[in-house]
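Reading through the structure tokens given below for one structure.
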Protein chains: 2
Amino acid sequence: MATGRTHRPATRSRGIPEATVARLPLYLRALTALSERSVPTVSSEELAAAAGVNSAKLRKDFSYLGSYGTRGVGYDVEYLVYQISRELGLTQDWPVVIVGIGNLGAALANYGGFASRGFRVAALIDADPSMAGKPVAGLRVKHTDELEAIIEDNGVSIGVIATPAGAAQQVCDRLVAAGVTSILNFAPTVLSVPDGVDVRKVDLSIELQILAFHEQRKAGEEALAAPARPAPAVRGGTAGGKGPDGDVPAVMPA
Amino acid sequence: MATGRTHRPATRSRGIPEATVARLPLYLRALTALSERSVPTVSSEELAAAAGVNSAKLRKDFSYLGSYGTRGVGYDVEYLVYQISRELGLTQDWPVVIVGIGNLGAALANYGGFASRGFRVAALIDADPSMAGKPVAGLRVKHTDELEAIIEDNGVSIGVIATPAGAAQQVCDRLVAAGVTSILNFAPTVLSVPDGVDVRKVDLSIELQILAFHEQRKAGEEALAAPARPAPAVRGGTAGGKGPDGDVPAVMPA
DNA sequence: TCATGTGAACATGTTCACAGCA
DNA sequence: TGCTGTGAACATGTTCACATGA
């Protein structure tokens with residue numbers, strides 16, 4: 001998504017491709033599971049299967065980190081866990097604030113995987129004064145007034161936005177002004193941020209729409225073969241002969 | 001993510017690039033906002049700004065759908081809303097089930113944007129018998145036993161998994177066996193599915209790790225200039241002399 | 001005149017296939 | 001012998017820059 005940097009064309013050998021970075025957490029998870037089962041080594045084939053990618057891709061990904069494998073043998077699990085953790089910056093402690101403690105914010109706060117790997121919820125922040133002081137996931141919710149102080153005092157550089165769409169940009173601006181340089185946005189809005197600030201977004205609605213696109217394709221291809229399952233009814237019912245959509249305008253300009 | 005299809009190399013002009021598909025929901029959202037403000041037309045420049053992309057990309061994206069603009073003028077808002085909705089399959093009604101009604105599942109069920117655009121929550125399903133019958137987001141939670149019947153009866157083709165990681169693959173298998181062909185996975189696991197089934201995943205932990213990677217980079221670059229803000233403390237604190245990590249092994253083989 | 005639509009150049013990402021090393 | 005590491009081929013995605021047509 002929005003990568004703030006000036007995007008220099010891989011100045012030295014230091015540049016790990018973005019696509020690779022996005023897969024490192026996947027490898028790390030698979031490796032951690034192996035580590036817990038005390039498996040000493042894995043082949044690229046096995047690890048790739050566990051991470052849900054193909055082995056050529058995995059080997060190429062690892063080649064950007066260095067030559068951490070042993071030919072004819074595979075990779076040392078513990079060593080790889082360490083190298084990937086370090087590369088991802090998980091040997092540091094990252095305090096995180098969550099802003100917007102509604103249903104979703106509370107769910108995120110309660111999410112276990114949060115604390116496990118280098119991330120620590122420094123504070124939960126909400127604009128509703130009646131939320132302030134209430135315990136959520138073992139923390140007391142703070143009021144938005146305290147946002148700047150919390151970020152400063154805890155050296156927070158990562159913020160999670162789980163507010164309604166309308167409040168997101170404003171919250172984002174305050175986070176950035178207070179020193180946050182990475183934002184994970186759950187609100188269904190495009191955030192604008194200055195250069196040097198990274199934003200990643202998680203959007204249920206977008207994901208569903210992408211799935212719907214592919215579903216529709218499948219339904220089309222199905223028509224070539226047998227109509228196996230009852231296809232989802234076209235809006236407004238199967239029978240209707242005329243324009244069925246109450247939602248989608250039938251406007252046709254030009 | 002996992003695109004089940006055989007990936008034919010754009011047989012006819014029909015193939016819309018995946019990257020474009022992923023942006024269509026963004027355009028649609030921006031257009032819907034314009035539509036609500038009764039704006040009749042937009043230029044690629046304006047719409048691109050609203051969607052957070054550049055205008056060349058937007059125009060190329062739209063060119064895959066057809067020539068829906070007017071040279072020297074721009075795009076008709078209502079018309080584009082309709083075309084994109086249709087392309088995404090949002091003129092159909094998509095019944096969806098959510099499996100796993102914990103904190104996250106409940107938050108998803110309550111999420112408004114769900115129902116708005118063609119998606120309808122057909123059922124909430126949980127394995128915990130004590131959850132069965134409880135009202136969440138205006139629906140009564142069903143027990144897992146009913147999963148197959150619900151999917152069949154409602155013609156559900158899209159399933160959302162919000163269970164713990166351990167249960168996800170099993171739930172996935174049952175969904176697929178019952179006829180679901182698109183899955184949105186919130187559980188932190190790699191799901192394996194047969195060909196023809198699409199999986200998209202949403203993973204908080206992965207997103208945070210990607211942000212941490214870039215944060216770490218920034219901290220490194222910062223060292224070249226002035227150490228402006230106190231960098232996040234290395235795990236275990238600044239003082240501690242011995243190995244601080246209960247989590248990351250300091251193993252160094254070979 | 002002005003903004004769309006698009007070929008061509010460029011950049012990134014993936015896969016193949018095999019050389020090279022334990 | 002067997003698996004890693006990687007150059008080279010291929011595929012996808014992005015940006016440029018301008019011809020085109022309302």
Side-chain angles (χ1 to χ4, degrees), chain A residues 1-3 5-11 13-24 26-27 31 39-77 79-80 83 210 253-254, chain B residues 1-3 5-11 13-24 26-27 31 39-77 79-80 83 210 253-254:
Chain A
M1 243 99 282
T3 305
R5 268 176 311 151
T6 339
H7 241 304
R8 79 201 103 184
T11 318
S13 65
R14 270 285 77 188
I16 298 179
E18 193 56 37
T20 296
V21 172
R23 281 187 295 267
L24 291 181
L26 236 54
Y27 302 142
L31 285 164
V39 176
T41 57
V42 259
S43 66
S44 64
E45 203 72 54
E46 293 165 325
L47 185 53
V53 304
N54 72 50
S55 62
K57 198 185 285 186
L58 178 142
R59 287 201 304 278
K60 176 125 307 203
D61 283 342
F62 285 179
S63 79
Y64 294 117
L65 308 183
S67 285
Y68 293 154
T70 308
R71 287 163 202 247
V73 179
Y75 300 92
D76 181 284
V77 172
Y79 185 54
L80 251 193
Q83 290 298 345
I210 295 170
Chain B
M1 241 99 285
T3 305
R5 268 175 311 151
T6 341
H7 242 302
R8 81 202 104 188
T11 318
S13 66
R14 270 285 76 188
I16 297 179
E18 192 56 35
T20 296
V21 172
R23 281 188 294 266
L24 291 181
L26 236 55
Y27 302 142
L31 285 164
V39 176
T41 57
V42 260
S43 66
S44 63
E45 203 72 53
E46 294 165 324
L47 185 53
V53 303
N54 72 51
S55 61
K57 198 184 285 185
L58 178 142
R59 287 202 302 277
K60 174 122 309 194
D61 283 342
F62 285 179
S63 79
Y64 295 116
L65 308 182
S67 286
Y68 293 154
T70 308
R71 288 166 201 245
V73 179
Y75 301 92
D76 182 284
V77 172
Y79 186 54
L80 251 193
Q83 290 298 344
I210 295 170

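Below, chain A is the first sequence line, B the second, and so on; all start at residue 1.
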Give a yes or no on whether the ring-centroid distance for B:Tyr75 and B:Tyr68 is below 6.0 angstrom.
no

Name the nucleic acid region contacted by B:Phe62, choosing base, sugar-phosphate or nothing; use a 4.0 angstrom heavy-atom cut-off, strictly under.
nothing

May I have the distance from B:Leu65 (atom CG) to C:dT6 (atom P), rounded to whole angstrom?
11 Å

Distance in angstrom units between B:Asp76 CG and C:dT4 C1', rounded
15 Å

Quick check for you: among D:dG13, C:dG5, D:dG5, whose closest atom lies nearest to any side-chain atom of A:Tyr75?
D:dG5

Looking only at heavy atoms, what is the nearest atom pair of A:Leu80 and A:Phe62, with distance?
CD1-CE1, 3.3 Å

Whole angstroms only, please: what is the CD-C1' distance between B:Glu46 and C:dA3?
11 Å

Report the residues that fulfil side-chain contact (heavy atoms from CB on, under 4.5 Å) with B:Leu26, sequence neighbours left out, ordered by chain and then residue number.
A:Lys201, A:Ile206

Can you pull out every salt bridge (charged side-chain N to carboxylate O under 4.0 Å, His left out) where at least one residue sits in residues 39-60 of chain A? Sequence neighbours excluded, please.
none

Kindly say if B:Ser44 contacts the phosphate of C:dA3, meaning a side-chain N or O under 4.0 Å from OP1 or OP2.
no

Is it true that B:Asp61 and B:Thr20 share a donor-acceptor pair across their side chains at a distance under 3.5 Å?
yes

Indicate the atoms forming the closest heavy-atom contact of B:Val42 with B:Leu31, along with that distance.
CG2-CD2, 4.1 Å

Interatomic distance, B:Glu45 CD vs C:dT4 C1' [rounded to whole Å]
12 Å

Strictly under 4.0 angstrom, non-hydrogen atoms only: write out the protein contact profile of nucleotides 14-22 of chain D, one letter per nucleotide from the 5' end, B, S or -.
SB-B--BBB

What is the distance, to the nearest angstrom, from the CG atom on A:Leu24 to the C1' atom on C:dG13?
15 Å

